[in-house]
Amino acid sequence: MALLPVSDALDRLLRGAAPIRRCEMIGLHAAAGRVLSEDVAARLTHPAFDNSAMDGYAGRHEDFAVVGAELTVIGRSAAGRAFPGHVGPGEVVRIFTGAPVPPGADTVLIQEDAQIIGDQRIRTTFDPGKGRHIRPKGQDFRAGDVVLRKGDLLDAGRLTVAAGMNHPELSVFMRPKVAILATGDELVPPGSLPGPDQIIGSNTYGIAAIARDNGAEVVDLGIVRDDEAAIAAAVAQARAAGADVLVTLGGASVGDHDLVQSTLVASGMTLDFWQIAMRPGKPLMVGTLDGMTVLGLPGNPVSSLVCALLFLEPLLCHLGSLPARDRSGKARTVTTLPANDKRQDYVRARLSRDIDGTLRAETFARQDSSMMQVFAKSDCLIIRAPFAPEAAAGSICDVMILRHPAR
């Protein structure tokens with residue numbers, strides 16, 4: 001089977017997965033980062049009454065227009081404690097920010113423009129202009145106005161206005177559910193004492209972090225041995241859990257001990273493609289099983305993480321109707337990059353900034369896909385297209401940003 005270009009593989013993966021349309025009602029405190037599944041209309045009008053935007057005096061503009069006029073203070077209006085009377089000629093009400101503007105008043109004179117001249121008396125020193133410093137009823141929204149739309153991502157501003165519209169809970173699309181299955185006789189969980197031919201299974205934790213960071217719910221199926229019956233049982237567990245995506249770690253190739261692909265096919269999976277023209281991460285597998293997307297990632301930790309960023313992250317954003325995450329960037333190389341072969345290369349590198357803010361990428365000397373420490377210290381992946389010629393130090397290159405350097 002010919003190696004599939006990365007862009008073609010991603011396109012096929014996304015075209016084969018439909019966004020989730022299952023919905024649930026959740027409270028506002030749990031709704032940050034979720035996506036609305038229906039329009040949201042205001043249940044009330046805001047502001048519900050004309051109110052003052054400043055501390056000052058509410059009165060009639062025709063009185064304020066006469067600079068030096070002396071006016072009588074007949075009461076107070078504070079937030080939650082409105083003045084009960086009516087403002088007439090020559091009268092004002094001491095008013096505070098957010099307080100209802102009393103009937104008869106059409107303007108607020110801020111306190112800095114009023115001179116106190118005696119008990120309950122002020123003198124005007126400025127004409128504020130008619131209607132000044134009053135927030136009119138319904139200025140923000142009116143009952144029935146559709147303020148938020150289906151597909152909106154709920155952030156701080158949208159949650160605030162949802163609460164202001166008197167919605168204690170909202171209907172949102174359900175999060176994608178991702179089941180993660182690690183396979184391999186050599187793997188034991190963190191905290192174990194590995195045998196002489198065993199290693200710690202670490203991939204699950206990074207993949208789960210990427211999944212959660214992109215809005216998914218994670219089901220950890222643990223580690224299963226290289227046994228068809230054990231793998232089939234774990235796959236059945238993922239199906240029973242209602243997983244939208246099954247991520248397998250390792251065993252997706254076709255070696256004597258690589259049983260994941262064959263077991264999944266025997267369980268009913270339709271294999272779409274495997275083997276991608278990329279480094280690291282060539283043995284990536286994609287298929288579908290009863291509506292569940294299957295993404296088989298390589299067993300090497302760095303290969304697994306790179307493939308998850310390239311394929312799992314956009315898949316979860318697509319399924320969850322989230323905005324696609326843009327990790328693209330440009331950086332100037334610190335050292336010469338050798339010419340590339342037929343596979344797209346993702347080179348681990350550190351980022352720094354020049355005085356002018358330009359990003360500089362310095363590659364790590366060792367790029368082995370089993371070296372977790374190098375990936376953990378990387379700020380970006382330099383993207384080297386197939387057959388890219390040598391790039392001299394100082395060349396501008398495409399990068400996939402993992403984290404931005406401190407300024």
Side-chain angles (χ1 to χ4, degrees), residues 3-4 6 9 178 180-211 213 218 220-226 231 247-261 274-286 295-313 327 335 337-338 340-351 361-384 386 399-403:
L3 298 181
L4 194 64
V6 172
V178 178
I180 302 176
L181 171 62
T183 65
D185 293 336
E186 77 280 14
L187 301 179
V188 294
S192 304
L193 180 63
D197 55 356
Q198 292 182 314
I199 60 173
I200 300 297
S202 58
N203 298 17
T204 295
Y205 303 93
I207 303 306
I210 290 172
D213 194 38
V218 172
D220 184 0
L221 300 175
I223 299 170
V224 301
R225 64 187 187 280
D226 291 320
I231 295 171
V247 176
T248 63
L249 305 175
S253 192
V254 290
D256 291 344
H257 299 283
D258 295 321
L259 304 177
V260 171
Q261 185 180 137
W274 74 290
Q275 293 196 336
I276 312 299
M278 61 181 289
R279 180 191 304 106
K282 172 186 169 185
L284 179 133
M285 176 187 69
V286 169
L295 185 61
L297 302 182
N300 277 340
V302 174
S303 300
S304 183
L305 289 166
V306 171
C307 287
L309 290 170
L310 286 169
F311 296 100
L312 180 60
E313 183 168 271
R327 294 184 178 272
T335 57
L337 300 176
N340 198 20
D341 60 15
K342 64 182 179 180
R343 288 197 276 169
Q344 186 149 299
D345 209 351
Y346 293 86
V347 183
R348 276 71 78 199
R350 288 190 181 95
L351 285 176
E362 181 179 5
T363 61
F364 286 89
R366 302 185 67 180
Q367 294 285 323
D368 190 281
S369 60
S370 68
M371 297 184 69
M372 296 174 280
Q373 179 181 183
V374 170
F375 188 89
K377 292 179 178 179
S378 296
D379 302 309
C380 74
L381 304 174
I382 298 175
I383 304 171
R384 299 285 286 151
V399 297
M400 182 178 185
I401 295 175
L402 306 179
R403 66 179 70 85

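All residue numbers in this chain count up from 1 along the given sequence.
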Side-chain heavy-atom pair [X], [Y] within 4.5 angstrom cut-off:
{"X": "Phe311", "Y": "Leu297", "value": "no"}
{"X": "Tyr205", "Y": "Ile180", "value": "no"}
{"X": "Met400", "Y": "Val306", "value": "no"}
{"X": "Val188", "Y": "Ile223", "value": "no"}
{"X": "Phe364", "Y": "Lys377", "value": "yes"}

So, does [X] use its side chain to make a donor-acceptor pair with the main chain of [Y] at under 3.5 Å?
{"X": "Arg327", "Y": "Ile401", "result": "yes"}
{"X": "Arg343", "Y": "Met278", "result": "yes"}
{"X": "Thr183", "Y": "Gly250", "result": "yes"}
{"X": "Arg366", "Y": "Val374", "result": "no"}
{"X": "Asn203", "Y": "Gly299", "result": "yes"}

Distance (rounded to the nearest 0.5 Å) between [X] [atom1] and [Y] [atom2]:
{"X": "Thr248", "Y": "Leu259", "atom1": "OG1", "atom2": "CG", "value": "12.0 Å"}
{"X": "Glu362", "Y": "Thr335", "atom1": "CD", "atom2": "OG1", "value": "7.0 Å"}
{"X": "Ile207", "Y": "Leu181", "atom1": "CD1", "atom2": "CG", "value": "13.0 Å"}
{"X": "Ile210", "Y": "Leu305", "atom1": "CD1", "atom2": "CG", "value": "5.0 Å"}
{"X": "Leu351", "Y": "Ile382", "atom1": "CG", "atom2": "CD1", "value": "8.0 Å"}
{"X": "Leu310", "Y": "Leu381", "atom1": "CG", "atom2": "CG", "value": "7.5 Å"}

Do you know which two heavy atoms are closest between [X] and [Y], and how far apart they sit?
{"X": "Cys307", "Y": "Pro298", "value": "SG-CD, 3.9 Å"}
{"X": "Asn300", "Y": "Ser369", "value": "ND2-OG, 2.9 Å"}
{"X": "Leu187", "Y": "Ala182", "value": "CD1-CB, 4.3 Å"}
{"X": "Ile383", "Y": "Val399", "value": "CD1-C, 4.1 Å"}
{"X": "Trp274", "Y": "Met285", "value": "CB-CA, 3.8 Å"}
{"X": "Pro386", "Y": "Lys342", "value": "CB-O, 3.5 Å"}

* Ionic contact status for Asp345 with Arg279, cut-off 4.0 Å ->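 Yes, this pair counts.
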
* Should the pair Arg403-Asp379 be classified as a salt bridge under the 4.0 Å nitrogen-to-oxygen rule? ->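 Counted as a salt bridge, because a side-chain N and a carboxylate O are separated by less than 4.0 Å.
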
